[in-house]
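The model shown is predicted, which means the values in this text are computed figures rather than measured ones. No hydrogens, no waters, no symmetry mates; every other heavy atom, side chains included, goes into these values.
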Amino acid sequence: MTSIESKRVQYRKYLERAGVIDALSKALIKLYEEQNKPEDAIRFVRKFMCESCPDDAQYDVMKNDLDEAKTTIARLEQELERLRGQIKKSPEEYQELTLAGYKALIDDEEHVSSLLRKYLTPELLEEYMLVTTPPPVDAYLYDCAVSGFEHHDSPVGIYAADPECYDVFSKLFEPIIKEYHGQEDNDSDMLQKDVDWGNVDEIENLDAERKYILSARIRLSRNIEGLPFFPKLTEKQLIEVEERIRAATETMDGELIGTYLTMGDIDSETQQEMVKRGVLFPRGEGKLQTAGCYRFWPTGRGVYHNPAETFMIWCNEEDHVRIISTAQCGDLGDVYQRLVTGVQELEKNLNFVRHSSYGNMTASPTNLGTTLRASVHIRLPLLGKDEERLKAMAEELSLQVQGTGGEHTAIEDGVMDISNKRLMGFTEFELVKSLQDGIVALINAEEELEIAGQEG
């Protein structure tokens, strides 16, 4: 029995245990016995199965009420953020919050792997507790570490509140960056190389016959020079970022021509559909929310995309700009070409901030460097069964393998997400080329297993 057949059997047993099949059968028998067959059979079945359920008109009223409630909640959250912005914490309050957060982090003996916990020593805490970045941002250490102070299970636990944080709190950020990006042995003052897109013609279609690769995607992040990152962005600055991105997209040409949509103007159902298609981003929660990523939501958020939905620009998702190029096939060359063209077009109208050592700057130290993540969804059913070999090959090729649902999700039916593991210390071209070489090697391994199976 194949994996899919096994899942079908398990699913049918689940439906039987839950009484779903029995309920459906009774409803269908009732429909069969009905002398005057209703025009809307689905509505008849639904009403038979749930006599107390609302009818269509009631459902529409309830849905409208829910949408209005969500709108009211969003408005109240914005008003609350405005009130919070009017309350300025004193240095003494920042000190109290920082000490309490640090104590909670250090006292937690269950979660001890955070890089913030590892590198924020009592000495550094004392040195940095009341230090701020230059005005008008005036970011404290607490503004950077508040998420890590609350979420002790965070692998890193810190975000930069503005570009200056990386230098003002350098004794904390530098070791975190070096360990996360595998640069501990790099003594150079310049950890990230200059931007180099290379020869885009060397990046190719990796699966012209569409046998293995389901889709390809490359994304990168940028932040506009002269503005803080999300932990300290004001409502006015969120709107400014959106206005500048909207204006910058007006010069797009060719296949990049598209439409900018403000999130507040998109109804909730359409938003959900766009999120499902990967065109729009959802509001998250947890670590990023605590860090301040979703303040004034949905103000200043939006998306630009072309009609084919192969090129997107997300505004104020986490960083100011996230640029995405995709294809529902294995043509990595086409995806890369489109991304490079899009970035270069934006750079004609926007100045993005860079660090002399870390390269392109982002709020999260995990995204520094190229900020580039290239990935494919690929079906390798035979290689997927040999997890040890797959893991060893991925490690050797500097690739990350995970389920298509994201980090920590399982590989199902041999379908997996494969991406570059490294972001810093290499050029953009080198990272995409290394992904290309790695995917070719994995496909070759899959083909060898297919041949061996045929011969056996």
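- With values rounded to the nearest 0.5 angstrom, D417 atom CG is found 7.5 Å from T404 atom OG1.
- Side-chain contact between Y159 and S147 is present, with at least one heavy-atom pair separated by less than 4.5 Å.
- Taking CG of L172 as the start and CG of L124 as the end, the distance is 6.5 Å to the nearest 0.5 Å.
- For R117 (side chain) and I106 (main-chain N/O), a donor-acceptor pair under 3.5 Å exists by modelled atom type.
- Between K433 and E202, none of the side-chain N atoms (NZ, or NE/NH1/NH2) sits under 4.0 Å from a carboxylate O, so this pair counts as no salt bridge.
- Counting non-hydrogen atoms of neighbouring residues, nucleotides and ligands closer than 6.0 angstrom, the CD atom of E77 exceeds 12 such neighbours.
- Counting heavy atoms from C-beta outward, L368 and L423 have side chains that stay 4.5 Å or more apart.
- A donor-acceptor pair under 3.5 Å is formed between the side chain of R338 and the backbone N or O of T326.
- Taken to the nearest 0.5 Å, the CG atom of N205 stands 9.5 Å off from the CD atom of Q436.
- Listed here is the closest heavy atom pair of Q289 and G284: OE1-O, 3.6 Å.
- One finds no salt bridge joining K211 and E447 here, because no Lys/Arg side-chain nitrogen approaches an Asp/Glu carboxylate oxygen to under 4.0 Å.
- The aromatic rings of Y166 and H355 lie perpendicular to each other, with more than 60° between the two planes, well past the 30° mark.
- Distance check, rounded to the nearest 0.5 Å: CZ of F229 to SG of C144 gives 10.0 Å.
- More than 12 heavy atoms of other residues, nucleotides or ligands sit less than 6.0 Å from atom CE of M190.
- No more than 12 heavy atoms of other residues, nucleotides or ligands lie within 6.0 Å of CD in E209, so this atom counts as exposed by the packing criterion.
- Contact annotation: the side chain of E179 approaches that of E184 to within less than 4.5 Å [non-hydrogen atoms, C-beta and beyond].
- With salt bridges taken as basic N to acidic carboxylate O contacts below 4.0 Å, one links R12 and E16.
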Next item on the list: Kindly indicate, with the supporting measurements, whether the criterion side chain to side chain contact (heavy atoms under 4.5 Å, CB included) is fulfilled by L372 and I218.
Entry: CA-CA 7 Å; L372 184 146; I218 307 177; 3.8 Å; yes
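- Between Q344 and K348, the closest side-chain pair of non-hydrogen atoms is not below 4.5 Å.
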Item checked: Stepwise side chain to side chain contact (heavy atoms under 4.5 Å, CB included) test for L346 and M252 -> CA-CA 8 Å; L346 282 180; M252 291 293 176; 3.8 Å; yes
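- Residues T366 and S364 bring a donor and an acceptor atom of their side chains to less than 3.5 Å of each other.
- Using cut-offs of 30° and 60° for the angle between ring planes, the Y336 and F429 rings count as tilted.
- The CG atom of L339 lies 9.5 Å from the CD atom of E428; values are rounded to the nearest 0.5 Å.
- Between the CD atom in E309 and the CG atom in L280 there is a gap of 10.5 Å [rounded to 0.5 Å].
- Counting heavy-atom neighbours within 6.0 Å of L76 CG, excluding the residue itself, gives a total above 12.
- For N199, the CG atom is densely surrounded, since the number of other residues' heavy atoms within 6.0 Å is greater than 12.
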Note to self: With side chain to side chain contact (heavy atoms under 4.5 Å, CB included) as the criterion, how do L390 and L442 come out once you've worked through the C-alpha distance, each side chain's angles and the decisive distance to 0.1 Å?
What the structure shows: CA-CA 8 Å; L390 177 61; L442 292 173; 4.2 Å; yes
Next item on the list: Would you please test E250 and R246 for salt bridge (charged side-chain N to carboxylate O under 4.0 Å, His left out) and show each step?
Entry: CA-CA 7 Å; E250 292 177 357; R246 188 202 303 269; over 6 Å; no
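- Of the candidates N223, L220, I313, V241, I313 is the only one forming a side-chain contact (heavy atoms from CB on, under 4.5 Å) with V321.
- Proximity of T98 to Y140: side-chain heavy atoms (C-beta onward) are nowhere separated by under 4.5 Å.
- Two rings, from F173 and Y358, have their centers 6.0 Å or more apart.
- Using a cut-off of 4.0 Å between Lys/Arg side-chain N and Asp/Glu carboxylate O, E395 and K391 are scored as not salt-bridged.
- Using modelled atom types, one finds no donor on one side chain facing an acceptor on the other under 3.5 Å when comparing Q272 with S268.
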Next item on the list: For the pair E68 and T72, evaluate side chain to side chain donor-acceptor pair (under 3.5 Å) and give the outcome as yes or no after the intermediate values.
Entry: CA-CA 6 Å; E68 289 179 6; T72 301; over 6 Å; no
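- No option in I176, L125, I158, L105 other than L125 meets the side-chain contact (heavy atoms from CB on, under 4.5 Å) test with L120.
- The shortest side-chain heavy-atom distance between R422 and T370 does not fall under the 4.5 Å cut-off.
- Ring geometry, F149 versus Y142: the interplanar angle falls from 30° to 60°, so the pair is classed tilted.
- Other residues, nucleotides and ligands contribute at most 12 non-hydrogen atoms within 6.0 Å of the CZ atom of R210.
- Remark: R379 CZ is loosely packed, at most 12 non-hydrogen atoms of other residues, nucleotides or ligands lying under 6.0 Å away.
- Under 4.0 Å is where a charged nitrogen must lie from a carboxylate oxygen, and between K236 and E240 no such pair does.
- Counted by atom type alone, S221 and N367 present zero donor-acceptor pairs between their side chains at under 3.5 Å.
- Counting non-hydrogen atoms of other residues, nucleotides and ligands closer than 6.0 Å to CD of E396 gives a total of 12 or fewer.
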